[in-house]
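Only a predicted model underlies this, so the values are computations on that prediction, with no experimental measurement involved. Sequence positions, counted from 1, serve as the residue numbers for this chain.
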Amino acid sequence: VSTQSTWADIEKCEKAKKETQKKLIVIVGGCTNLKDKDLTTKSDPYVQLKYGMFQKFKTTVKDDTLNPVFNEHFNFENLHNPENRKLKIKVYDSDTLNDDKLGKASIKLRDLLIGENDLEVKVGHRHLKPSLCTFKLIPVGWGRAVDVEEYQPEDYDDDSWDEDSWPEGWDIDDANDTPEL
């Protein structure tokens, strides 16, 4: 056996492996009706996305708005068993010292259909109306997904910001930090 054919076979296997790896493309559209955490101006929101322990992305900060438009996309790659995982979402108000939490949610990835999935996710409340963020999720290389008639995101109560109810693997800045109702 020549080493040239062995290296060619290895390269073919590596290429095939990369082509079949599971990925998730997330497009963050925008948010509406976010809480105003600033005293003199409106909030400066951004969205943080997290998959597993190591893949984390955040949008740019949008200054002085409660209805930011992001239209930013992020690629989560090399996903292992994404059908059994969640995409965690947190919305913050960017501040000089400490960023304020505006809301959070979690999306069960097993509920995604193959193709584009347009979702509107509740991340909190403001003046008795929900704070919503829109996302487009595109699974790549997942094979056949579970068919779901209607998507219902996992929702966290607004007053569940204590350490015991915080999603596993997420840090918490201050256990006494609770959002306004």
Side-chain angles (χ1 to χ4, degrees), residues 23-39 41-79 82 84-112 117-139 151-181:
K23 301 175 186 175
L24 179 64
I25 300 168
V26 179
I27 302 170
V28 181
C31 300
T32 57
N33 201 42
L34 293 176
K35 294 177 186 175
D36 191 1
K37 290 283 197 161
D38 291 342
L39 296 174
T41 63
K42 294 181 183 162
S43 292
D44 305 312
Y46 67 91
V47 175
Q48 184 181 76
L49 305 168
K50 186 173 180 186
Y51 174 88
M53 295 288 291
F54 304 107
Q55 294 196 54
K56 183 169 30 174
F57 296 101
K58 79 175 199 177
T59 64
T60 57
V61 174
K62 301 299 179 182
D63 294 329
D64 199 30
T65 182
L66 302 179
N67 300 297
V69 176
F70 298 102
N71 290 327
E72 298 178 33
H73 76 279
F74 303 94
N75 295 317
F76 291 88
E77 299 191 8
N78 302 320
L79 307 183
N84 298 323
R85 305 296 300 264
K86 295 177 184 178
L87 178 67
K88 303 213 165 112
I89 301 161
K90 293 198 290 187
V91 182
Y92 286 100
D93 170 26
S94 179
D95 288 325
T96 305
L97 297 177
N98 289 326
D99 294 348
D100 297 316
K101 296 173 186 81
L102 297 179
K104 61 183 175 176
S106 178
I107 298 172
K108 295 176 186 176
L109 297 182
R110 72 171 173 256
D111 294 340
L112 296 182
N117 294 272
D118 294 311
L119 304 176
E120 190 171 67
V121 179
K122 184 176 106 179
V123 295
H125 289 87
R126 181 172 164 258
H127 301 298
L128 303 176
K129 290 184 180 178
S131 297
L132 302 170
C133 291
T134 58
F135 300 91
K136 182 174 285 198
L137 303 175
I138 306 168
Y151 174 75
Q152 291 294 325
E154 183 176 324
D155 187 28
Y156 295 108
D157 294 333
D158 277 348
D159 32 330
S160 66
W161 290 89
D162 62 335
E163 233 173 271
D164 294 332
S165 63
W166 200 253
E168 184 178 324
W170 286 62
D171 60 313
I172 188 164
D173 298 325
D174 180 0
N176 296 323
D177 185 20
T178 55
E180 297 174 6
L181 294 178

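For the pair Val91 and Cys133, the minimum side-chain heavy-atom distance is below 4.5 Å. Leu87 is listed as a side-chain neighbour of Phe76, based on a closest heavy-atom distance under 4.5 Å.
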- request: Apply side-chain contact (heavy atoms from CB on, under 4.5 Å) to the pair Leu137 and Leu119, showing each step before the final yes or no.
  value: CA-CA 8 Å; Leu137 303 175; Leu119 304 176; 3.4 Å; yes
- prompt: Can you list the steps and then say if Tyr92 with Asp100 is a side-chain contact (heavy atoms from CB on, under 4.5 Å)?
  reply: CA-CA 5 Å; Tyr92 286 100; Asp100 297 316; over 6 Å; no
- request: Using the side-chain contact (heavy atoms from CB on, under 4.5 Å) rule, take Leu102 and Lys37 through it: C-alpha gap first, then chi angles, then the decisive distance, then the call.
  value: CA-CA 8 Å; Leu102 297 179; Lys37 290 283 197 161; 3.3 Å; yes
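Shortest non-hydrogen contact noted between Ser43 and Asp38 is CA-OD2, 3.6 Å. Across every non-hydrogen atom of Asp99 and Ser94, the tightest pair is OD1-CA, 3.4 Å. Lys122 and Ala105 get closest at one heavy-atom pair: O-CB, 3.5 Å. Across all their heavy atoms, Gly52 and Arg85 have their closest contact at CA-NH2, 3.0 Å. Between Cys31 and Phe70, the closest heavy-atom pair is SG-CE1, 4.1 Å.
Judged by distance alone, the side chains of Tyr46 and Asp93 never bring a donor and an acceptor atom under 3.5 Å apart.
Residue Gln48 holds its CD atom at 12.0 Å from NZ of Lys88, rounded to the nearest 0.5 Å. To the nearest 0.5 Å, atom CG of residue Leu24 and atom CG of residue Asn75 are 9.0 Å apart. One finds the NZ atom of Lys108 at 12.0 Å from the CG atom of Asn84 (value rounded to the nearest 0.5 Å). Between the CG atom of Leu112 and the CD1 atom of Ile107 there is a distance of 7.5 Å, given to the nearest 0.5 Å. Within the model, atoms NZ of Lys23 and CD1 of Ile25 stand 8.0 Å from one another, a figure rounded to the nearest 0.5 Å. The distance from the NZ atom of Lys90 to the CG atom of Leu49 is 11.5 Å, given to the nearest 0.5 Å.
Partners of Val69 according to the side chain to side chain contact (heavy atoms under 4.5 Å, CB included) rule, which considers only residues two or more places apart in sequence or in another chain, are Asn71. By the ring pair (Phe, Tyr, Trp, His ring centres under 6.0 Å) test, Phe135 is found to be paired with no residue, residues two or more places apart in sequence or in another chain being considered. For Thr96, the side chain to side chain contact (heavy atoms under 4.5 Å, CB included) criterion is met by no residue, not counting sequence neighbours. With sequence neighbours excluded, the residues satisfying side chain to side chain contact (heavy atoms under 4.5 Å, CB included) with Asp64 are Thr41, Lys42, Asp44. With sequence neighbours excluded, the residues satisfying ring pair (Phe, Tyr, Trp, His ring centres under 6.0 Å) with Phe74 are Phe57. Residues passing the side chain to side chain contact (heavy atoms under 4.5 Å, CB included) test with Thr65, sequence neighbours excluded: Pro45, Lys62, Asn67, Pro68.
The closest donor-acceptor contact from the side chain of Asn33 to the backbone of Pro130 lies under 3.5 Å. Side-chain N or O atoms of Gln55 include none that pairs as donor or acceptor with a backbone N or O of Lys50 at under 3.5 Å. Judged purely by atom type and a 3.5 angstrom limit, Thr59 uses its side chain to pair as donor or acceptor with the backbone of Val47.
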